[in-house]
Amino acid sequence: MSTISQNTKEQNEFPRAIIHIDGDAFFVGCELASKPWLKGESVVVGAERGIACAFSYEAKALGIHRGMSIFEIKKRYPKTVILSSNYLDYGMYSNRMVQIVGRYSNKVEHYSVDECFADITGMNEVLEMSYEEIARNIKHDLDTELGTTFSLGLSVTKVLAKCGSKHKKPSGFMVVRRSEIQNFLKNVSIGKVWRIGTEGSKSLTREKIFTAYDLASKSDEWVRRNHSKPIQEIHSELNGINIFGVHRHEVEGDQKSIMCTRTFHPFSRDPSQVFSYLSKNIEEACARMRKLGLSSKNFSVFIKTKDFRYIGGEVKLLRETSYPEEILNEARKVFDKIFDCDLIYRTTGVRLGSLKPIAMQTESLFEENKNIGKGRMYDVVDNISNKFGEHSVFLGSSMRAILRYEKDKKKIGIPSLGEVR
DNA sequence: TCTGGGGTCCTAGGACCC
DNA sequence: TCTGGGGTCCTAGGACCC
C-alpha cells in the first residue's frame, strides 16, 4: 500500500486520535519501583490511615478490597506487606508520567494523579509513525522509565479511549479504531463507562440498555428526549463524536474551590459540639487557602445527618478573605438556621468558592490596615502549625472538636497548655 | 462496601421581574 | 385589585469523578 493511501486510511479510522493512560495500582506501583524486591508480593498502601488505600493485584487476588481495615488484613493475610503512603513521591512519578507523554504531544491533560489524556491527532505525520506505534512507544517509555506499568487506550474520543485503557488491566494496550467501535462496545457493560455512575446505569438498565453498544445505537432524538446532558454527551462520544476536548492545565492554582469535610465519632446532636467540628473545618480550609495564596468570597457550609441527609447553606461575603473569623460569623448564622436539635449528625463541611489570588483583593485603605495586622498574626499561626503540627494553635470555637479528635489519639500536646487529656 | 475526603459540573425549582 | 405568561437569576442538592 502506498503511503498516501495508508495516511488516508489512518485519517478515516482516527478523525481524532485520543489516548488515555492509567497507572496500574499506581501507589503500589510507585512503591515497588523503589522496592523491587517486593514485586510479586501482596502489598497494601495505607498503613497511616488504617485502611487499604491501594493494593497490588496479588493482594486483590487474595480478596483484599478498598477500605478494608489494616487490622483485618494483618489478621487474615499475615504475609501481606503493609506500607504507609508517600504522596510526595507519587506526585513526582505523576509529573514524570506527564513529561514522558509530552514527548509525543503537547496536548496532554493531567487528569488525576495516576491518569492522563493526550490528543495526538496529526502527530503521525510529524513523527512519521502510525498512531498505534506512537501509543506503543508511550507505553514502552512509561513502563521502562518509571518502573511500574501503565494501561493505555487509543481511540477517537476520550470516553472510548478510557473504555480502552480499562479493558485489559494491568498493563493493557487497546486500540479502538472508528470501524471497530461497535464490536468493541458490545463487550463493555454500561456501568463501566466513564461518567455513567450508579444512578445513570440504574435508569439505563430500566430501559433495557445493558451495554455501551445498546446506548450508542440509540438515536440522538431518543437520547435527547429521555436523558439529560451528561448522558447525551456520553452517547455522542461513544459514537465517535468528540465532545470533551483534551485540556492541558496551563495554570497552577486555577482551583475553583477548597473543601474541608470530616465525619466525627461518635455522631452528635449537640449543637455546640457539631458547630465546633464545623469551625475546625473552616480553620483548616482557610489555612490551605492561605498556603495557596488564595482568598474566597463565597462559601457554603453543610451538615450531614446520621442517615446521610445533606443540609447546607451558601453565604456571599462583601469582599474576599483568607481568615476564618469573618467566615465563622456568617457560618454561625447559617448553622443556627439549618441545625435541627431532633436530628443526629455525622459530618460537617465547608466549601470555599470564587477563589482569587490574595494580591487581587480590592480593599479600602482602612480595611487594608486592619488586615495587615491580621495577616501578620496568621503568618505566626501558620508558622507555628508548620513547626508543631496542625493542632498547635486554634480558635476557641474549634476547641471542642480538637479535644474530641485528639481523644482518639489519647493525648494532645498543646505547647501553651501542656498535655491535656 | 451501609458510606472517607477532595473536587467539578448540572439542574429543578423558587424568587424576582416585566 | 386581580390576573396570565414568560424570562432570568440563583442556589441547594445531587451525581459523578479519583
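Convention: sequence-line order gives letters A, B, ...; per-chain numbering from 1.
Two residues, R288(A) and D307(A), neighbour DNA chain B, and the one matched to the more 5' nucleotide by heavy-atom proximity is D307(A).
Considering only residues two or more places apart in sequence or on other chains, R351(A) meets the side chain to side chain contact (heavy atoms under 4.5 Å, CB included) condition with S257(A), M259(A), S300(A). Every residue meeting the side chain to side chain contact (heavy atoms under 4.5 Å, CB included) condition with S165(A), not counting sequence neighbours, appears here in chain and number order: H20(A), D22(A). For E199(A), the salt bridge (Lys or Arg N to Asp or Glu O under 4.0 Å) criterion is met by K202(A), not counting sequence neighbours. Scored by the side chain to side chain contact (heavy atoms under 4.5 Å, CB included) test, N106(A) finds R248(A) as partners (sequence neighbours excluded). By the salt bridge (Lys or Arg N to Asp or Glu O under 4.0 Å) test, R262(A) pairs with E284(A), sequence neighbours left out. Residues meeting the salt bridge (Lys or Arg N to Asp or Glu O under 4.0 Å) test with R400(A), sequence neighbours left out: D270(A). The salt bridge (Lys or Arg N to Asp or Glu O under 4.0 Å) check on D119(A) picks up R16(A), K107(A), with sequence neighbours excluded.
Ion pair E221(A)/R224(A) flagged as a salt bridge, since at least one NZ, NE, NH1 or NH2 atom sits closer than 4.0 Å to an Asp/Glu carboxylate oxygen. Comment: E145(A) engages R103(A) in a salt bridge, judged by a side-chain N to carboxylate O separation of less than 4.0 angstrom.
At a cut-off of 3.5 Å, with distance as the only test, no side-chain donor of T321(A) or S295(A) sits close to an acceptor on the other residue.
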Notebook entry, point to check: How is the base pairing of DNA chain B summarised as a dot-bracket string, given the Watson-Crick and G-U wobble criteria with both distances under 3.5 Å, [ ] for crossing and | for another strand?
Noted result: ....||||||||||||||
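Taking the centre and axis of the six-membered ring of F14(A), the NZ or CZ atom of R177(A) falls outside the cone set by 45° and 6.0 Å. A cation-pi contact, defined as under 6.0 Å to the ring centre and within 45° of the axis, is absent between R346(A) and F264(A).
Looking at heavy-atom distances under 4.0 Å, F308(A) makes contact with a base. Across all strands, K316(A) comes closer than 4.0 Å only to sugar-phosphate atoms, never to a base (heavy-atom distances). Using a 4.0 Å heavy-atom cutoff across all strands shown, K162(A) reaches sugar-phosphate atoms only and no base atom. Residue contacts for I51(A): at a heavy-atom cut-off of 4.0 Å it reaches no nucleic acid atom on any strand shown.
Within residues 336-354 of chain A, the residues that place at least one heavy atom under 4.0 Å from DNA chain B are, in residue-number order, R346(A), R351(A). Within residues 198-231 of chain A, the residues approaching DNA chain C are T198(A), E199(A), G200(A), by heavy-atom distance under 4.0 Å.
For residues 24-45 of chain A, the set of pairs meeting the salt bridge (Lys or Arg N to Asp or Glu O under 4.0 Å) definition, not counting sequence neighbours, comprises D24(A)-K169(A), E31(A)-K35(A).
From the 5' end on, the contacts that DNA chain B makes with chain A at under 4.0 Å to a non-hydrogen atom open and close at dT3(B) to dT11(B).
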